[in-house]
Amino acid sequence: MPLYEYKCKECGLEFDELVSLSKRDQVRCPKCQGDPERKLSGFVSSGGGGGLSSSSCSSGPTGFS
C-alpha cells in the first residue's frame, strides 16, 4: 500500500496515511474528521543496483579469527 501525504482543509493538520489505492479518497483528518487534500510528494525507489547483494555481504575477510 502506498503512503500518502495529506493536509486537512479544515484544521490545517498535515499527516501521512498508509492506504490502498481504492480508498485513498476516503481518508478523513485524524484530528477533526475534516476533508483533507492529498499533497504531492516525492517518489523513492530501492531498485536498480548500487545496493548490497547477499553475496557481497558474505565475501571477503571479516576480521574475526
Evaluate side chain to side chain contact (heavy atoms under 4.5 Å, CB included) for K7 paired with L13, printing each intermediate quantity in order.
CA-CA 6 Å; K7 182 174 183 179; L13 179 71; over 6 Å; no
Start with the C-alpha distance between V27 and Y4, add both sets of side-chain angles, then the distance that settles side chain to side chain contact (heavy atoms under 4.5 Å, CB included), and finish with yes or no.
CA-CA 10 Å; V27 174; Y4 291 100; over 6 Å; no
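Considering only heavy atoms from C-beta on, E17 stays 4.5 Å or farther from L3 through its side chain.
Atoms SG and CD, on C11 and Q33 in that order, are 10.0 Å from each other to the nearest 0.5 Å. Rounding to the nearest 0.5 Å gives a distance of 7.5 Å between CG of D35 and SG of C8.
In terms of heavy atoms, S20 sits closest to M1 at N-SD, 3.4 Å.
Qualifying salt bridge (Lys or Arg N to Asp or Glu O under 4.0 Å) partners for R24, counting only residues two or more places apart in sequence or in other chains: none. Partners of E14 by salt bridge (Lys or Arg N to Asp or Glu O under 4.0 Å), not counting sequence neighbours, listed by chain and number: K39.
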